[in-house]
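The structure under discussion appears below in the form of structure tokens.
A quick note: this is a predicted structure, and the numbers were derived from the prediction, not measured. So that the names make sense, note that chain A is the first sequence line, chain B the second, and so on, each numbered from 1.
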There are 2 protein chains.
Amino acid sequence: MSQPTTKVTLADVARLAGVGVGTASRALSGSARVAPETRAKVLEVADRLHYVVSPDAASLASGRTGRVALVVPHLSRWFFGEVAEGIHAGLRGADLDLLLYPVGAVQERAEFFERLPARRKVDAVIVVAFQVLEAERRRLELMGVHIVAAGGQSAAYPYVRIDDYVAGRQAMDHLLFLGHRRIAMLEARDPDQPDLDPPRSDAYVEALRENGIEVDPELVVVGDWGGEQGAQGMSRLLSLRTPPTAVYAHSDEVALGAVRTIRRAGLDVPRDISVIGIDDHPLAALTDLTTVRQPAHEQGRRAAEMLIGLLRGDPGVDESVTLPTELVVRGSTAPPRG
Amino acid sequence: MSQPTTKVTLADVARLAGVGVGTASRALSGSARVAPETRAKVLEVADRLHYVVSPDAASLASGRTGRVALVVPHLSRWFFGEVAEGIHAGLRGADLDLLLYPVGAVQERAEFFERLPARRKVDAVIVVAFQVLEAERRRLELMGVHIVAAGGQSAAYPYVRIDDYVAGRQAMDHLLFLGHRRIAMLEARDPDQPDLDPPRSDAYVEALRENGIEVDPELVVVGDWGGEQGAQGMSRLLSLRTPPTAVYAHSDEVALGAVRTIRRAGLDVPRDISVIGIDDHPLAALTDLTTVRQPAHEQGRRAAEMLIGLLRGDPGVDESVTLPTELVVRGSTAPPRG
DNA sequence: TTCCGATGTGGAAGCGTTTCCATGCAGGAT
DNA sequence: ATCCTGCATGGAAACGCTTCCACATCGGAA
């Protein structure tokens, strides 16, 4: 029925509609001023010929690419995938395509900022949930496009995120409220992120201090964001002369690792040890893990909407947003024994 | 130091290098025949001017876009994210960009195939892990580009996948080997996928039959791929007069839902009921879930490599691949009690 | 009536490449 | 010495659009 073989150009449409190419272009792009009947005629012909504009020609002529770069580490981890979906949702209707740049591995990341493969290919960049280093920021700016951060604390750009300190406090305050005093922390850091002091850790320290509890360095174990590290960290905590009665993990995945180790040691969660995470990963519900929920999807969506505003040149849209988090009590926390 | 303000064109480079634009283009694209010293000169000038080709102009002139569409449902679910990362890995060095098209929701999916937003924007399409309907296939082919399937049984295109029947058999055979006879199945289906009979279910039926066990319809519960459905399905199984001694779930997420329900009922996994899943989701290791591992990342990578071959016109690369799966025994399965 | 602004339109000038074709030239075969 | 081959090169012609500019037309204001 249709011939995808011969490609139909704007000139063809214009000719058959009996108008000039300029008019045809205006009629199709919708915005410009064209007489209603002329527009109708052009659209009718375009439809009949199965006309599809050539995005490359349009980009070349207009200088706009209609694309957005999505720079994201670790697509395979729930949070990032969820944010990415949120971004896609927020971009709907804006007629923008997403160019995907996974930069999980150190080398990939270095290469991305080195080569800047998105250069000249996008109108904007969304950086998902990672801290952009100073040197990287400078490279990024060579692209000369809008940049927003989704789910990260890249303070240099407009962002949508949660308050990690508050999230951490919600977790810690819950444990403290339950009566725990000997609380361990499984701190997560990205291998190549030179965070000085993650806010989620500050929350630990300050929550303890406010409750008159000394920070015991033995009770703080650092690892990456993976569950395996949580499991190992927990082993270390269990080997202490006096293990903690509760564990605050920086993420649900880390928390689940801890739970496994506790169970393998023949102990019970939460009777012997309480465990709390952060994220509200879908599996947290399935594993009955108490956690602090953060709106992953929404962070993506809001960031995308912000970007659209920026591209349109709306005034005042570049105001960063911090979304609320929420304690979700499940079965992995309880008052300490005794 | 650099001026991202003024855009440098090929003509500028050519002029400063003292060559024609044709020669400059050939020198930069690398492949064509250019005298070594000429090429060196051009490259040097290009580098000095921070020249970056305009992908749009190049696409327009050459007819190649240098982009690949990645059509994927549910980015936020581990398997899809992992396959996507694999695809990205497989594409490295090929200088191809990935255009992301999430089509998780029914409406999104319909809209994608209706509007075909990737039309004229890509040289190829990778469809991740979902069955392309006949009508969708016809739409897709309007694009007139190569298509491959990663991690799905879309038989119409070259694919890389696992054998779902075999994976199911590995799970079932393990349970049977342990001595279970009353085995339930938590069957997962995509809400809008009119699979007749999923191979993972066939495996259940045939494994039982081969072992002389009648299929008890009560023991088969259907849901979607989410953990919640696994939890609910398990409730139903527990309400039977004679609950199963083992549960075969179509995915790890479903299996974990089942485990939660079993535990909440005060029963023990695996002492009272064994549970096995499929996937080897990272959290399966953390929750000690026995499962059948499938190489998600590799499916993506291989599909991407296949695509590169197709685009290069290599002969014989369009041969589909089926990767092996592997039983991973952990702590959620044991012989039946008694 | 004349003039003016608003509105709709056609067409040309880019946009920045790739690629084809013609040309120049060196060197080996005759 | 002459011819031919083949490589390296310059330049022009697409590629298919957007957008600017100029022009025509039409009412209404003066």
Q. Using a cut-off of 4.0 Å on non-hydrogen atoms, how would the nucleic acid contact of A/V42 be classed: base, sugar-phosphate, or nothing?
A. nothing
Q. For C/dT17, does either OP1 or OP2 sit under 4.0 Å from a side-chain N or O belonging to B/S54?
A. no
(Q) It should be established whether B/T38 places a side-chain nitrogen or oxygen under 4.0 Å from OP1 or OP2 of nucleotide D/dA8. (A) no
Q.
Could you tell me how far apart B/R15 (CZ) and C/dG16 (C1') are, to the nearest whole angstrom?
A. 14 Å
Q: Under 4.0 Å between any heavy atoms, over every strand shown, what does A/S62 touch: base, sugar-phosphate, or nothing? Just pick one.
A: sugar-phosphate
Q.
Between B/R137 and B/E134 (salt bridge meaning N to carboxylate O under 4.0 Å), is one present in this structure?
A. yes
Q. Does some side-chain heavy atom of B/H50 sit less than 4.5 Å from a side-chain heavy atom of B/V8?
A. no
Q: Mind checking B/S59 for me? I need base, sugar-phosphate or nothing, with any heavy atom below 4.0 Å counting as a touch.
A: nothing
Q: Nearest whole angstrom, please: distance from the C1' of C/dC20 to the CZ of B/R26.
A: 10 Å
Q) Could you give the CZ-to-P distance, from A/R39 to C/dG10, as a whole number of Å? A) 14 Å
Q.
Is there a side-chain contact between A/R64 and the phosphate of D/dC17, meaning an N or O under 4.0 Å from OP1 or OP2?
A. no
(Q) Using a heavy-atom cut-off of 4.0 Å across all strands, would you classify B/S25 as base, sugar-phosphate, or nothing? (A) base
Q: Between B/G20 and B/A61, name the one whose nearest nucleotide on DNA chain D is closer to the 5' end.
A: B/G20
(Q) Without decimals, in angstroms, what is the distance between B/D56 CG and D/dT18 P? (A) 12 Å
Q. Would you find a donor on one side and an acceptor on the other, under 3.5 Å apart, between the side chain of A/R120 and the backbone of B/P55?
A. no
Q. Within this structure, what is the CG-to-C1' distance between A/L28 and D/dT18, rounded to whole angstrom?
A. 12 Å
(Q) Please report the distance, rounded to the nearest Å, between CG in A/L60 and P in C/dA13. (A) 17 Å
(Q) Within the 4.0 Å heavy-atom criterion, would you say A/R120 contacts the bases, only the backbone, or no part of the nucleic acid? (A) sugar-phosphate
Q: Report the distance from atom NZ of B/K41 to atom C1' of D/dT9, rounded to the nearest whole Å.
A: 17 Å
